[in-house]
Amino acid sequence: MKTIELDMYQATAVAALVLLLGRILVAKISILRRYCIPAPVVGGFLYAIVHTIVRGMGILEISCDMTLKNVFMVAFFCSVGFTASFRMLKKGGVQTVIFLALSVVMVVLQNILGAGLASVFGLDPRLGLATGSIPMVGGHGTAGSFGPLLEELGVANASVVAIATYGLVAGCVIGGPIATAKIRKYKLSSVAEAATKTETVETDETGAIDSARILDGLLYLIVAIGAGTVVSMFLGKLMTFPFYIGAMLVGAIIRNIMDVQNKEIPMEEISTLGGASLSVFLGLAMIDMKLWQLAELAVPMVVMLLAQTVLMFFYANFVVFNVLGKSYDAAVMTSGFCGFGMGATPNAMANMQAITGAYGPAPTAFMVVPLVGSLFIDFLNATILTGFI
């Protein structure tokens, strides 16, 4: 079988084409728009299916250099750090605690379900954790650390099961429909929508792009990312953290220092650059999916993954939305909960961007979800997993 190896530039170009394909499909297929399925997921999943077919036929396998995937991921999370203004976080403080508590309950439920089903199939119950919160709430970072740990403890094939990309797709597929159904059922709307529309009209009238502010926003991100590597290096000596945490923390520190000094920073430009980075990152993540890893899993593993999807659907639909207050922000946070609860925080952000792009801004959701999904839950998930093991 022939293998094509794409360098980091070529891989990013393919990811861009996949993203454009997804945007075209979303624009032309009403059901994708109706349920706010993120464009990178649509195009990337189609690419992954085609890649799996041609590889299965022994025709071609494509290998991609994913170096720039991490660059775009760090840029995105750094931009999220800049939104963590203490002044603004006070407004969403209670929601943050509630969302974190809901996430902790989900971690426990995922592991009980995974370990329980593994036992039913006569497997090591610890292998069930590899379909529980390790890849689901934990994502690839947790899978990369706990998979090998389980294998060292004698759990065969734990790493292969843990790194399966099923949750990345499932979390995006169910997140949008749940949120849009709630928005329509309860006739919810964005409280910030009117203000945003006014700002958009004013911007459209000027038609100006301030290149100096865009450069300033980019420089803020670059400096924070560079300093963040030092912070991540220090934190890594304490315990295992996602590598983007340093940049996120530095971004938050810079934002709050500027707030204290009452100095303006180009937040709109930083957020725009971060959103663009998220889209490209997701495109790269999707073309790096290896669906044949799922096809090669034993039937029990497939059943366990499907069971996790059912659990997430019912928990998000009937518990998360209701506990968060049945508001528009609650609906958006519910879609984000599905994203990071089954795969990764960038999937949560993609879900929420798709919803807010169609129905209007949700400021509280965009403060709470990345804060919980990118920082707090990693501490608690690792602790809970250790207890289960």
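- Sorted by first and then second residue, the side chain to side chain donor-acceptor pair (under 3.5 Å) pairs involving residues 313-323 (not counting sequence neighbours) are Lys182-Asn317.
- Side-chain atoms of Asn70 never come within 3.5 Å of backbone atoms of Met66 as a donor-acceptor pair (strictly under, hydrogens ignored).
- Note: Tyr220 and Phe82 have perpendicular aromatic rings, judged against thresholds of 30 and 60 degrees for the angle between ring planes.
- Heavy atoms from other residues, nucleotides or ligands lying under 6.0 Å from OH of Tyr9 number 12 at most.
- Atom CZ in Arg255 sits 5.0 Å away from atom CE in Met267 (nearest 0.5 Å).
- Counting non-hydrogen atoms of other residues, nucleotides and ligands closer than 6.0 Å to CZ of Arg213 gives a total above 12.
- Residues Val14 and Cys64 form no side-chain contact, since every pair of their non-hydrogen atoms from C-beta on lies 4.5 Å or further apart.
- With contacts defined as side-chain heavy-atom distances shorter than 4.5 Å, the pair Met333/Gln95 qualifies.
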- Show the numbers, then the answer: is there a side chain to side chain contact (heavy atoms under 4.5 Å, CB included) between Cys78 and Val250? CA-CA 8 Å; Cys78 185; Val250 172; over 6 Å; no
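- Once rounded to the nearest 0.5 Å, the distance linking CD of Gln10 with CD1 of Ile62 reads 11.0 Å.
- Of all non-hydrogen atoms in Ala179 and Ile355, the two that sit nearest each other are CB-CD1, 3.8 Å.
- Of the possible donor and acceptor atoms, one in the side chain of Asn351 sits under 3.5 Å from a partner among the backbone N and O of Ser335.
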- Task: Check the pair Ile134, Leu150 against side chain to side chain contact (heavy atoms under 4.5 Å, CB included), reporting the backbone distance first and the verdict last.
- Result: CA-CA 11 Å; Ile134 290 178; Leu150 288 174; 3.7 Å; yes
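- Counting heavy atoms from C-beta outward, Thr309 and Val173 have side chains that stay 4.5 Å or more apart.
- Residues Ile287 and Ala11 share a closest heavy-atom pair of CD1-O, 3.5 Å.
- Cluster membership check: Val105 shares its hydrophobic cluster with Val369, using side-chain heavy-atom separations under 4.5 Å among Ile, Leu, Val, Met, Phe, Trp and Tyr.
- Looking at heavy atoms from C-beta onward, Tyr328 lies in side-chain contact with Thr356 at the 4.5 angstrom threshold.
- For the atom pair OG1 (Thr334) and CE (Met352), the distance works out to 10.5 Å, reported to the nearest 0.5 Å.
- To the nearest 0.5 Å, atoms CD (Gln353) and CG (Leu278) are separated by 5.0 Å.
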- Any chance you could lay out the side chain to side chain contact (heavy atoms under 4.5 Å, CB included) test for Thr180 and Tyr359, step after step, and finish with the verdict? CA-CA 9 Å; Thr180 52; Tyr359 296 101; 3.8 Å; yes
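- For CZ of Phe388, the number of neighbouring non-hydrogen atoms (other residues, nucleotides, ligands) closer than 6.0 Å is greater than 12.
- Proximity of Asp288 to Leu284: side-chain heavy atoms (C-beta onward) are nowhere separated by under 4.5 Å.
- The nearest pair of heavy atoms linking Gly283 to Ala15 is C-CB, 3.6 Å.
- Shown are Glu264, Glu269, Glu268; of these, the side-chain contact (heavy atoms from CB on, under 4.5 Å) with Pro266 is made only by Glu269.
- Taking each heavy atom of Cys338 and Ala316 in turn, the nearest pair found is SG-CB, 3.6 Å.
- Inter-residue side-chain proximity for Met106 and Val319 is flagged as unmet; no heavy-atom pair is nearer than 4.5 Å.
- Note on Val26: it clusters hydrophobically with Ile29, by side-chain heavy-atom contacts below 4.5 Å among ILVMFWY residues.
- Between His51 and Glu61 the shortest side-chain heavy-atom distance falls below 4.5 Å.
- Note: the hydrophobic cluster containing Ile222 also contains Phe72 (ILVMFWY, side chain heavy atoms under 4.5 Å, direct or indirect links).
- The shortest distance between side-chain heavy atoms of Lys185 and Lys326 does not fall below 4.5 Å.
- A single hydrophobic cluster is not seen to contain both Met1 and Ile4; linkage of ILVMFWY side chains at heavy-atom distances under 4.5 Å, directly or through other members, places them apart.
- Summarising the local packing, CE of Met57 is surrounded by 12 or fewer heavy atoms from other residues, nucleotides or ligands at distances under 6.0 Å.
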- Task: Evaluate side-chain hydrogen bond (donor to acceptor under 3.5 Å, both in side chains) for Thr67 paired with Asp65, printing each intermediate quantity in order.
- Result: CA-CA 6 Å; Thr67 301; Asp65 183 337; 2.5 Å; yes
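- Of the possible polar contacts, one joining the Asn381 side chain to the Ser133 backbone as a donor-acceptor pair under 3.5 Å is found.
- The CD1 atom of Ile265 lies 4.5 Å from the CD1 atom of Ile270; values are rounded to the nearest 0.5 Å.
- To the nearest 0.5 Å, atoms CD1 (Ile214) and CG (Leu273) are separated by 7.0 Å.
- Taking the six-membered ring where tryptophan is involved, the planes of Phe337 and Phe340 are perpendicular, since the angle between them exceeds 60° and thus also 30°.
- The two residues Met286 and Gly44 come nearest to each other via the heavy atoms CB-CA, 3.5 Å.
- Closest approach of Ala75 to Leu221, counting heavy atoms only: O-CD2, 4.0 Å.
- Cluster membership for Phe121 and Leu306, using ILVMFWY side-chain heavy atoms within less than 4.5 angstrom, is shared.
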